[in-house]
Structure formats: structure tokens, C-alpha cells
There are 2 protein chains.
Amino acid sequence: MEPQPAYNHVHQETVQRVNEIMPGEEELFDLAELFKVFGDSTRIRILYVLFESDMCVCGIAELLGMTQSAISHQLAVLKKAKLVRYRREGKTIFYSLSDDHVRTILDQGMEHIEE
Amino acid sequence: MEPQPAYNHVHQETVQRVNEIMPGEEELFDLAELFKVFGDSTRIRILYVLFESDMCVCGIAELLGMTQSAISHQLAVLKKAKLVRYRREGKTIFYSLSDDHVRTILDQGMEHIEE
DNA sequence: CTTTCATATGAGCAACTGTTCATATGTATT
DNA sequence: AATACATATGAACAGTTGCTCATATGAAAG
């Protein structure tokens, strides 16, 4: 038997309900990792650019007035989170959004800050 | 006249469309700040607890197996982002969710990581 | 007013993050 | 093969973050 915590301040019923809906450790970790990706304005700006058009790395860099290296590093983060896809065309690599959750999440965030 | 960047890799038309939809500097900053708040699994766990019930600080601490101080610090972050409200009842302070965007944002994030 | 319980807060520290700089990889052209 | 262009990547550095520990604030009870 595991040692049971005391729960002096919480009803046992509430403890159970919370345990039922609380995501598992790995899901929580992944969820936090995902939102960390949205937690940087450079990455958000890249996503807004890709809303309008697929674009190559140096195109994004030009548009945002940042170095190719900085953009490439951030694209690697977005890629790892599966928020963007890419395809190669000759020397150039074009990045694009990978799904619609990106837009929904950013829209909801925007709604929240605009109250 | 501002010096105009070259835009060798991006069509002028795309530049204009992006400039139209790109949020302003302050909005971008606030949006990133908001998502940073969601980018920590302790804070996410607190939010999941509050989905089920309003709760005092030491109740949350008990439920999550963390110190009162750690939870209090994180509640301050959530409070600053206006994701939680609080009310005092005697010595105790009860925290609760402040609006529905929290749930929508977390749900969308969960949908994304579960593909 | 002193004690007790609940909560908040500041300093400190280890871990992490975003940019820059230098350099490597990869593709096409000559 | 040599060059040029597009992109990726590793090291380094300053700035930030989340926890702990000690302490402060605030409200109720004795």
C-alpha cells in the first residue's frame, strides 16, 4: 500500500474528481512543451507570416528583419512541435503551417488578452 | 522616408498581406506572455484542479504534493495573467478560474498533441 | 496583544532560453 | 572539382524561470 497523503483541506470527493480528469505525467509534459513554443513573440510572428503564405527561410528572415540563423533556430523549434512542415525545392526550403490548431490556439489567446 | 528593406525573396504583395494581419508589437508581447503562463506543467495542473472546484492555496498544494510557497508563486503568475480570480473567506483565500478561454486553449493544445 | 493558521513575497540558485557568431551541410551551376 | 547560394547547427553568453528557504503580511481566536 502506498502511503496516503492527509488531505486536511480538500474533500475526498474532490480529490477523486480531480484525479479522474488530470492528464497523465507525459501528457502534461507534452502540453507544457507545446505552449512554451507559443510563448515567444518571434515564433508567433513566424506563424502569422505562414498564415498568409508558404515561405522560404530567408524570406521569413527578410520580412521579420531578423537573421537567417535566428529564424532557422526557431523554425527547428516549430518543426519539433509539429506546428510547421517543410518541403525542399532545389536549394530552397519552404515552410508552411501543419494544421489548424495553430490558428485556433492563437485566436483564443488573442480573445483572452483583448478583454 | 524610412529606408525600405530590399525583400529579394518575398513578393511585395505578400509583404502587404502579412503587414495587414500581423498584430502590433504590444499585442504580440502580451500574446507571448499569455502562452508562457500555459508553458509550465505545474500551472497547467493548477488549472485542471480549478476545473473541478474552487480551492484554497493549501488545498491545491496538498492535492499536487507541492509546497505552499511554490503554489502561491505560481498562483501569482496565473493571477497576473487574469486566468484565475480569488476571494477571501476569513483566513482562507479561494482561487477559481476566471473565464472559459482557459478550457478552450488547453483543449486545443490537447487535441494537437494527441494526433 | 499574543498566538495561530493561511497566504504572500524577496533573495538565491540551478536549469533553461533566444540570439549571435562561426562553421557545416546540401544543392545547383559552371 | 570549385564556387555560390540556402539552410542548419554547435558553442557561448546574457537574460529568464521555477523552486526552496526564510520571513513578512493578514485575519481570527484566545
Side-chain angles (χ1 to χ4, degrees), chain A residues 6-10 25 28-47 49-50 54-81 83-96, chain B residues 6-10 25 28-47 49-50 54-81 83-96:
Chain A
Y7 296 129
N8 293 314
H9 299 80
V10 193
E25 209 172 310
L28 283 169
F29 180 84
D30 292 346
L31 205 49
E33 287 302 300
L34 175 66
F35 286 119
K36 272 178 203 160
V37 175
F38 286 97
D40 174 76
S41 59
T42 296
R43 288 190 291 266
I44 296 180
R45 292 203 298 157
I46 293 175
L47 294 172
V49 167
L50 297 180
D54 297 8
M55 201 172 291
C56 63
V57 180
C58 59
I60 301 170
E62 253 181 18
L63 242 169
L64 300 184
M66 297 186 62
T67 66
Q68 175 270 322
S69 179
I71 298 299
S72 188
H73 276 294
Q74 297 302 359
L75 283 169
V77 175
L78 292 167
K79 204 161 57 181
K80 197 177 172 198
L83 297 176
V84 300
R85 306 170 200 266
Y86 65 98
R87 65 174 195 282
R88 179 180 279 276
E89 277 183 25
K91 283 181 285 195
T92 310
I93 296 181
F94 285 93
Y95 280 83
S96 58
Chain B
Y7 295 130
N8 293 314
H9 300 79
V10 193
E25 210 172 308
L28 283 168
F29 179 85
D30 291 346
L31 203 49
E33 287 301 301
L34 175 65
F35 286 119
K36 272 179 203 160
V37 175
F38 286 97
D40 175 77
S41 60
T42 296
R43 287 190 292 264
I44 295 180
R45 292 203 299 157
I46 293 175
L47 294 172
V49 167
L50 297 181
D54 297 7
M55 201 173 291
C56 63
V57 179
C58 60
I60 301 171
E62 252 181 18
L63 242 169
L64 300 184
M66 296 185 64
T67 67
Q68 175 269 322
S69 180
I71 298 299
S72 187
H73 276 294
Q74 297 302 359
L75 282 170
V77 175
L78 291 166
K79 204 161 57 181
K80 197 177 172 198
L83 296 176
V84 299
R85 306 170 200 266
Y86 63 98
R87 66 173 192 284
R88 178 179 281 277
E89 277 183 24
K91 283 181 284 193
T92 309
I93 296 182
F94 286 92
Y95 280 84
S96 58

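Computed from heavy atoms alone, side chains included, the values below leave out hydrogens, waters and symmetry copies. We name chains A, B, ... by the order of the sequence lines, and we start the count at 1 in each one.
Note on A:Y86: nothing from the nucleic acid sits closer than 4.0 angstrom, heavy atoms only. Heavy atoms of B:Y95 sit under 4.0 angstrom from primed sugar atoms or phosphate atoms, though from no base atom.
Where A:H73 and A:T92 each meet DNA chain D at their nearest nucleotide, the meeting point lying more 5' is that of A:T92. Residues A:M66 and B:I93 each lie close to DNA chain C; by heavy-atom proximity, the contact nearer the 5' end of the strand is made by B:I93. Summary of the strand contacts: A:G39 and A:H9 both lie near DNA chain C, and taking for each the nucleotide with the nearest heavy atom, the more 5' one is attributed to A:H9.
The number of heavy atoms from other shown groups lying within 6.0 Å of NZ (B:K79) is above 12. Counting non-hydrogen atoms of neighbouring residues, nucleotides and ligands closer than 6.0 angstrom, the OH atom of B:Y86 reaches no more than 12 such neighbours.
Distance from the side chain of A:R88 is smallest to C:dT27 among C:dT27, D:dT7, C:dG18. The nucleotide whose nearest atom lies closest to any side-chain atom of A:Q68 is, among D:dC5, C:dT4, D:dA8, D:dA8. In this structure, of D:dA22, C:dT7, C:dA22, it is D:dA22 that holds the atom nearest to the side chain of B:S69. The side chain of A:R43 lies closest to C:dG18, out of C:dG18, D:dG10, D:dT7. Nearest to the side chain of A:T67, among D:dT17, D:dG18, C:dT20, sits C:dT20. Considering only the side chain of A:K91, D:dA6 comes nearest among D:dG10, D:dA6, D:dC19.
Note: NZ (A:K36) to P (C:dG18) measures 10 Å, nearest angstrom. For the pair A:I46 CD1 and D:dT7 C1', the computed distance is 14 Å after rounding to whole Å. Nucleotide D:dT7 holds its P atom 13 Å from the CG atom of A:D54, rounded to whole Å. Separating the CG atom of A:N8 from the P atom of C:dC5 is a distance of 12 Å, rounded to the nearest angstrom. Rounded to whole Å, atom P of D:dT9 lies 15 Å from atom CD1 of A:I71. Rounded to an integer number of Å, the gap from A:L78 CG to C:dG18 P is 10 Å. Distance A:F94 CZ to C:dG26 P: 20 Å, rounded to the nearest Å. Straight-line distance from the CG atom of B:L64 to the P atom of D:dG18: 15 Å, rounded to whole Å.
Under the 4.5 Å side-chain criterion, counting only non-hydrogen atoms from C-beta, B:T92 is not in contact with A:H9. Between B:V84 and B:L47, some side-chain heavy-atom pair lies under the 4.5 Å cut-off.
By the 30° and 60° cut-offs, the orientation of the rings of A:F35 relative to B:F38 is tilted.
Taking 4.0 angstrom as the limit, B:Q74 places none of its side-chain polar atoms (N or O) nearer than this to OP1 or OP2 of D:dT17.
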